[in-house]
Amino acid sequence: MKEGFLIGGGLIFAGLMLELSVGSVNWDAFRWPVNGIVLAGFLALIVIIFLLRKRVYGFQFIGTYKAAIPALVYAVVLTIIMGLTRQEVNGTWLNNMLSFWPFVLIYVYIAVILGQIILRRILNSKLSTLNLKRDIPFLLNHLGLFLAMTTATLGNADMQRLKMITVKGEPEWRALTSQQQIVEMPIAIELKEFIMETYDDGSPRRFASDIQILTQTGKNIQTTVEVNKPVEVDGWKIYQYGYDTQMGAMSQTSILELVNDPWLPLVYTGIYMMLTGAVCMFLKGKKVKK
C-alpha cells in the first residue's frame with residue numbers, strides 16, 4: 001500500500017512540474033482525429049502493460065488493489081477540492097481542475113488500473129453460464145466506468161458550446177464562441193415569438209421562444225424551446241439561454257445556446273452499463289438471500 005501512495009504522490013509531483021513548466025492541459029489540441037489516435041494508443045498501452053505484467057513487477061503491481069485504493073484516495077481528495085473551489089474555463093490550478101495536470105494524471109492512472117483489472121477478469125473467467133452470471137455485473141460496472149471516463153475526457157475537445165442571438169423575424173445562422181469568434185452554423189433559426197410569464201411582483205416565472213429551424217438537410221421545424229427543455233436537431237441541442245432584460249416580456253431578442261457533443265452517446269453508454277451492472281448485482285443479491 002505504501003508503494004501505491006508513493007506512486008500516486010509521484011504522479012501529483014510530476015503533474016505540478018508539468019503545470020509549472022508547460023501550463024495547464026490544452027484539451028483543444030485533442031480535437032478529432034487526435035483524440036481518436038490517443039484513445040487507440042492508450043488502449044494499446046493497457047494491453048502491452050497487461051502482456052508484460054509477469055516480466056515487470058511494476059506492471060503487475062498496477063493491477064492490484066494496493067495500487068487501486070491509494071489512487072482512488074488521491075482521486076477523491078482532488079475531486080472534493082474541485083467541488084469546494086470555483087471552477088472557471090480560464091481558471092488556473094485548482095480553479096480549473098479538469099485541465100490541472102495532477103488531476104488529469106491521477107485519473108489516467110486510474111483508467112490504466114481499470115484496464116488491467118478488466119483484462120484480468122476477462123481472461124481468468126471461464127465461459128460457463130454460471131461464471132458469466134457472476135462476472136457480467138463486474139464487467140458491466142468496470143467497463144462502463146472505463147468507457148465513461150475515457151470518452152468524456154477525450155471527447156471534451158470536440159464539444160462545441162455556442163451562443164446565438166436571434167431577433168424576431170430575422171433568420172440567424174451565425175453563432176459566437178466563448179472567445180466571441182463568429183461561427184457559421186449548419187442550421188438557421190428564426191425567432192417567431194418570445195414568451196414570458198411573470199409572478200405577481202413582475203419577476204420572470206417562465207420564459208421561452210417560439211422558433212423556426214431550417215437545416216441543410218431540408219428540415220423545417222416549428223417548435224418551442226425553454227429553460228431546461230432543449231430541442232435537438234441534427235446532433236445540436238438548442239437551449240433557451242437569455243433575452244433582452246431591459247425589454248422584459250416585450251423582448252424582441254432571444255439568446256439561445258447551441259451544444260454539440262459527438263462523444264456524448266459513448267459517455268451515456270458507459271453510464272447505462274454501470275446502471276445495468278448495479279441492477280444485476282442487486283438482483284443477484286436478492287437471489288442469494290432467498
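We use all heavy atoms of the structure for the numbers below, so side chains are in, but hydrogens, waters and symmetry mates are not.
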Do [X] and [Y] land in one hydrophobic cluster if side-chain heavy atoms of ILVMFWY residues count as linked below 4.5 Å?
{"X": "V25", "Y": "L18", "answer": "yes"}
{"X": "I195", "Y": "Y199", "answer": "no"}
{"X": "L105", "Y": "F42", "answer": "yes"}
{"X": "V231", "Y": "Y243", "answer": "no"}
{"X": "L256", "Y": "I182", "answer": "no"}

Problem set entry | Side-chain H-bond candidate by donor/acceptor type, D244 with Q252, under 3.5 Å | no

Exercise. Does any donor atom in the side chain of E19 or S24 lie under 3.5 Å from an acceptor atom in the other side chain?
Worked result: yes

Heavy-atom side-chain proximity of [X] to [Y] below 4.5 angstrom:
{"X": "M273", "Y": "L139", "value": "no"}
{"X": "I113", "Y": "Q116", "value": "no"}
{"X": "T253", "Y": "T166", "value": "no"}

Under 3.5 Å donor-acceptor, [X] side chain and [Y] backbone:
{"X": "R121", "Y": "F138", "answer": "no"}
{"X": "Q60", "Y": "K54", "answer": "no"}
{"X": "W236", "Y": "M185", "answer": "no"}
{"X": "W101", "Y": "L11", "answer": "no"}
{"X": "D210", "Y": "K192", "answer": "no"}
{"X": "T85", "Y": "N95", "answer": "no"}
{"X": "R31", "Y": "A157", "answer": "yes"}
{"X": "N35", "Y": "F30", "answer": "yes"}
{"X": "N156", "Y": "A152", "answer": "no"}

For this session: Identify the residue among K168, E172, E170, Q212 that makes a side-chain contact (heavy atoms from CB on, under 4.5 Å) with L191.
Result: K168

[X], [atom1]: over 12 other non-hydrogen atoms inside 6.0 angstrom:
{"X": "N228", "atom1": "CG", "result": "no"}
{"X": "Q246", "atom1": "CD", "result": "no"}
{"X": "L20", "atom1": "CG", "result": "yes"}

Problem set entry | For F59, all residues meeting ring pair (Phe, Tyr, Trp, His ring centres under 6.0 Å), sequence neighbours excluded | none

What's the separation between atom [atom1] in [X] and atom [atom2] in [Y], rounded to the nearest 0.5 Å?
{"X": "L119", "Y": "R53", "atom1": "CG", "atom2": "CZ", "result": "8.5 Å"}
{"X": "L145", "Y": "I271", "atom1": "CG", "atom2": "CD1", "result": "10.0 Å"}
{"X": "F103", "Y": "I81", "atom1": "CZ", "atom2": "CD1", "result": "10.0 Å"}
{"X": "I187", "Y": "L214", "atom1": "CD1", "atom2": "CG", "result": "9.5 Å"}
{"X": "K237", "Y": "R161", "atom1": "NZ", "atom2": "CZ", "result": "10.5 Å"}
{"X": "M247", "Y": "T245", "atom1": "CE", "atom2": "OG1", "result": "11.0 Å"}

Problem set entry | Lys/Arg N to Asp/Glu carboxylate O, E184 vs R174, below 4.0 Å | no

Exercise. Is it true that K66 and E3 make a salt bridge, defined as a side-chain N closer than 4.0 Å to a carboxylate O?
Worked result: no

For this session: Take L43 and T150 through the side-chain contact (heavy atoms from CB on, under 4.5 Å) test and state the conclusion after the steps.
Result: CA-CA 10 Å; L43 294 175; T150 53; over 6 Å; no

For this session: Walk me through it: do V104 and W27 pass the test side-chain contact (heavy atoms from CB on, under 4.5 Å)?
Result: CA-CA 11 Å; V104 173; W27 289 114; 3.9 Å; yes

For [X] against [Y], the heavy-atom pair lying closest together:
{"X": "Q240", "Y": "V227", "value": "CB-N, 3.6 Å"}
{"X": "F61", "Y": "G4", "value": "CZ-N, 3.6 Å"}
{"X": "F5", "Y": "Y74", "value": "O-OH, 2.8 Å"}
{"X": "M1", "Y": "Y65", "value": "CE-CE1, 4.0 Å"}
{"X": "P102", "Y": "L16", "value": "CG-N, 3.7 Å"}
{"X": "M97", "Y": "L94", "value": "CG-O, 3.4 Å"}

For this session: Given side-chain contact (heavy atoms from CB on, under 4.5 Å), test I189 with L258 step by step and report yes or no.
Result: CA-CA 11 Å; I189 301 176; L258 288 76; 4.3 Å; yes

Problem set entry | Partner residues of R86 under the salt bridge (charged side-chain N to carboxylate O under 4.0 Å, His left out) criterion, sequence neighbours left out | E88

Exercise. Checking side-chain contact (heavy atoms from CB on, under 4.5 Å) for the pair I238/I213: CA distance, chi angles, key distance, verdict?
Worked result: CA-CA 10 Å; I238 304 170; I213 305 171; 3.7 Å; yes

